[in-house]
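Numbered from 1 within each chain, the chains take letters A, B, ... in sequence-line order.
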Amino acid sequence: MSEFQSLRGFHDLLGEEFKRFKYVSELVRGKLKLYNFEEIVLPVVEYLEVFRRSIGEATDIVQKEMFAFQDRKGRWLALRPEGTAGAVRAYIQNRLYALKPYTKLFYEGPMFRYERPQAGRYRQFHQIGAEVFGSIDPLVDAEIIQIVYEILSELNAKVIIEINSIGCKVCRPPYKEALSTYLRTVAGHLCEVCIDRSDRNPLRVLDCKVPTCKEAVKEAPKMVDFLCNECREHYSKLKEYLTLLSIPYRENPHLVRGLDYYTKTVFEAVSEELDVALIAGGRYDYLVEEMGGPPTPAVGFAVGVERLSLLVREGLTEDPLYMLIPFGDVMDYALLVAKALRSEGKRVELSYKRAGLKKQLELANRLGAKYAVLVGEEERAGNFYTLKDMETGHQLKIELSPAM
RNA sequence: GAGAGCGUAGCUCAGCUGGCAGAGCAGUGGACUGUGGAUCCACGGGUCGCGGGUUCGACUCCCGUCGCUCUCCCCA
């Protein structure tokens with residue numbers, strides 16, 4: 001055991017794990033570029049208030065999961081627990097609303113939540129998030145879900161996409177009222193936490209996992225039955241588009257999200273095998289305004305890169321490796337051969353191991369080289385190298401170009 | 001924040017009801033100084049997570065602590 005260790009929930013990403021991580025990351029990034037999202041790099045630290053205002057004072061994230069601290073001037077700062085808050089702040093601060101009628105952004109990077117680590121959960125983890133600012137059109141919600149679906153399909157992930165609408169400031173208050181009233185009638189069957197939530201945040205009772213709560217909530221009034229005309233229209237249009245695009249989904253009237261800023265569409269892609277959300281998102285039509293910007297509707301999603309990586313078997317396919325094996329006193333020549341091969345775009349490992357040909361071939365084998373490039377006295381004298389196919393064992397003599 | 005299990009070589013692990021710390025793989029060297037992907041031989045490597053306690057004696061039992069894994073809560 002080494003003297004120093006990384007912190008709980010903070011880990012080094014390397015080897016096969018890194019390859020799977022990178023594979024997922026590049027898949028998602030590639031997809032977002034196809035949809036013409038523009039990348040931005042956001043700060044990892046913001047004023048605490050940015051998160052408190054956007055995510056919501058009453059949420060678990062804000063109440064107990066943030067890495068918050070004071071800087072030297074006594075200001076309260078926090079490591080970002082998610083990306084949307086910072087993206088919205090950046091959107092407003094840089095006045096992106098003035099440049100185009102709508103804006104499509106994505107970002108990738110570490111997020112921090114002070115929680116107990118477990119399968120697919122870390123204190124520092126990575127998300128790729130995408131946000132569309134400036135359109136209320138359900139077409140946008142549909143495209144966001146389409147991206148999510150395509151990502152998951154390409155990974156062959158066994159996942160269900162669940163959707164719901166949680167209304168807007170017109171229709172949600174009456175619904176909350178109705179739900180609270182109902183919850184009072186079944187209070188005897190609710191867990192302690194839910195009794196507490198019944199008044200303050202009744203929506204959250206809907207996705208409580210305690211069996212008795214689940215049971216008690218089955219007959220509860222549903223948000224979808226309370227949607228105002230605009231929200232109902234939005235929701236049914238979204239479903240039409242999803243059907244048009246052949247995207248399978250399941251309506252889950254009990255789906256709510258842990259963050260306060262959502263309106264209308266919310267969705268989650270839940271892994272069937274792991275029972276965790278891999279990708280989630282939704283619409284947040286008031287957040288930009290609440291954060292001090294002009295009224296601007298928005299939709300977005302975030303993927304947990306480590307979580308998605310759990311489902312990936314393959315890694316990144318790498319270019320074939322050329323293991324350059326010098327034997328004898330031919331290092332000068334070996335350097336030139338390596339230079340020549342690399343200038344042709346080949347991935348070359350020049351063996352640093354001073355040993356006989358046999359040992360170095362063993363090394364080449366262990367490093368998974370596709371080819372061994374043999375360079376000895378004979379090769380140097382004839383200005384060529386010997387290319388050995390490590391699978392078939394066939395060898396060829398290849399002239400070095402005169403330029404070298 | 002609450003609960004359970006686990007920390008022994010670089011890795012995977014064995015080590016009995018307390019009694020000299022082990023194996024496989026990896027590494028290094030080598031009859032082979034121009035031919036590998038299971039040839040052979042030899043060698044190195046340990047604060048048994050850390051601290052305390054019990055004991056003649058602790059890898060083993062007890063307490064604490066740190067870390068890992070998992071569950072609950074919650075979430076990506």
Side-chain angles (χ1 to χ4, degrees), chain A residues 1-11 15 24 28 55 59-66 80-84 108-129 148 151 159 191-194 197 204 207-211 213 256-259 267-271 274-281 300-311 323 325-330 351 353-380 386-395:
Chain A
M1 199 63 61
S2 54
E3 182 179 2
F4 294 111
Q5 276 179 286
S6 60
L7 275 50
R8 161 174 292 185
F10 289 73
H11 76 306
V24 168
V28 175
I55 297 166
T59 58
D60 286 329
I61 291 180
V62 167
Q63 288 196 341
K64 51 181 201 188
E65 294 173 5
M66 278 214 283
R80 60 181 181 191
E82 57 102 51
T84 301
E108 170 170 24
M111 306 292 163
F112 303 85
R113 290 187 199 171
Y114 202 103
E115 298 178 276
R116 271 292 238 284
Q118 62 190 59
R121 170 188 297 178
Y122 306 98
R123 287 185 173 182
Q124 176 177 333
F125 60 103
H126 296 78
Q127 283 188 341
I128 300 177
V148 168
I151 290 167
V159 171
C191 70
E192 271 180 45
V193 196
C194 282
R197 289 199 278 229
R204 288 294 309 286
D207 74 342
C208 183
K209 279 159 195 151
V210 176
C213 293
V256 299
R257 314 262 17 266
L259 293 77
F267 64 90
E268 238 173 45
V270 181
S271 162
L274 300 168
D275 195 32
V276 285
L278 301 172
I279 308 183
F301 74 88
V303 341
V305 185
E306 284 89 348
R307 281 195 180 173
L308 261 195
S309 302
L310 291 175
L311 304 179
M323 184 82 192
I325 299 176
F327 51 103
D329 184 21
V330 293
S351 170
K353 184 186 171 90
R354 299 295 182 102
L357 180 56
K358 192 184 182 81
K359 289 286 183 199
Q360 295 201 76
L361 277 168
E362 281 174 20
L363 181 62
N365 212 35
R366 216 173 52 70
L367 295 184
K370 177 98 169 69
Y371 300 103
V373 178
L374 311 185
V375 172
E377 303 288 354
E378 214 180 292
E379 280 80 1
R380 181 176 56 181
T386 300
L387 184 72
K388 180 185 180 75
D389 186 312
M390 292 298 283
E391 279 161 42
T392 64
H394 292 326
Q395 296 190 181

Classify the nucleic acid contact of [X] as base, sugar-phosphate or nothing, counting any heavy atom under 4.0 Å across all strands shown.
X: A:E362; result: sugar-phosphate
X: A:E82; result: nothing
X: A:A364; result: nothing
X: A:E306; result: nothing
X: A:G9; result: sugar-phosphate
X: A:G129; result: nothing
X: A:R354; result: nothing
X: A:F301; result: nothing
X: A:L7; result: sugar-phosphate
X: A:L357; result: base
X: A:L308; result: nothing

Any [X] side-chain N or O less than 4.0 Å from OP1/OP2 of [N]:
X: A:K353; N: B:rU28; value: yes
X: A:R116; N: B:rG3; value: no
X: A:Q127; N: B:rA76; value: no
X: A:K358; N: B:rC32; value: no
X: A:R121; N: B:rC70; value: no

Say you pick atom [atom1] in [N] and the same atom in [M]; how far apart are they, in whole Å?
N: B:rC11; M: B:rG46; atom1: P; result: 13 Å
N: B:rU17; M: B:rC61; atom1: C1'; result: 11 Å
N: B:rG49; M: B:rG67; atom1: C1'; result: 8 Å
N: B:rA23; M: B:rC66; atom1: C1'; result: 29 Å
N: B:rA21; M: B:rG30; atom1: P; result: 33 Å
N: B:rG45; M: B:rG1; atom1: P; result: 42 Å
N: B:rC48; M: B:rG22; atom1: P; result: 14 Å
N: B:rG5; M: B:rG19; atom1: C1'; result: 29 Å

If you round to the nearest 0.5 Å, how far is [atom2] of [Y] from [atom1] of [X]?
X: A:M66; Y: A:D60; atom1: CE; atom2: CG; value: 12.0 Å
X: A:T386; Y: A:Y371; atom1: OG1; atom2: OH; value: 15.0 Å
X: A:K370; Y: A:E391; atom1: NZ; atom2: CD; value: 4.5 Å

Grab the [atom1]-[atom2] distance between [X] and [N] for me, whole Å please.
X: A:M111; N: B:rA76; atom1: CE; atom2: P; value: 11 Å
X: A:Q118; N: B:rG5; atom1: CD; atom2: P; value: 17 Å
X: A:K359; N: B:rG37; atom1: NZ; atom2: C1'; value: 14 Å
X: A:L361; N: B:rG34; atom1: CG; atom2: P; value: 11 Å
X: A:Q360; N: B:rG30; atom1: CD; atom2: P; value: 13 Å
X: A:F125; N: B:rA76; atom1: CZ; atom2: P; value: 8 Å
X: A:R8; N: B:rG49; atom1: CZ; atom2: C1'; value: 14 Å
X: A:D60; N: B:rC73; atom1: CG; atom2: P; value: 11 Å

Counter-base of [N], judged by Watson-Crick or G-U geometry with both distances under 3.5 Å:
N: B:rU69; answer: B:rA4
N: B:rG64; answer: B:rC50
N: B:rC43; answer: B:rG27
N: B:rU35; answer: none
N: B:rC56; answer: B:rG19

Would a 4.5 Å heavy-atom cut-off, applied to side chains only, mark A:Q395 and A:L374 as touching? yes

With a 4.5 Å heavy-atom cut-off, do A:P326 and A:R354 have their side chains touching? no

Partner set under side-chain hydrogen bond (donor to acceptor under 3.5 Å, both in side chains) for A:R121, not counting sequence neighbours: none

Side-chain donor/acceptor contact of A:E379 with base of B:rG34 under 3.5 Å: yes

When you measure from the side chain of A:Q124 to the backbone N and O of A:G9, does any donor-acceptor pair fall under 3.5 Å? no

Stacking between A:F327 and the base of B:rG34 (centre distance under 5.5 Å, interplanar angle under 30°)? no

Take A:R380 and A:V375 through the test side chain to side chain contact (heavy atoms under 4.5 Å, CB included) and record every step on the way to the result. CA-CA 7 Å; A:R380 181 176 56 181; A:V375 172; 5.7 Å; no

Do A:R123 and A:Y114 form a cation-pi contact, if we require the NZ or CZ to be under 6.0 Å from the six-membered ring centre and within 45 degrees of the ring's axis? yes

Residue pair A:M390/A:R366 against RNA chain B: nearer the 5' end by closest nucleotide is A:R366

Nearest nucleotide by nearest heavy atom, which residue falls closer to the 5' end of RNA chain B, A:G328 or A:N365? A:G328

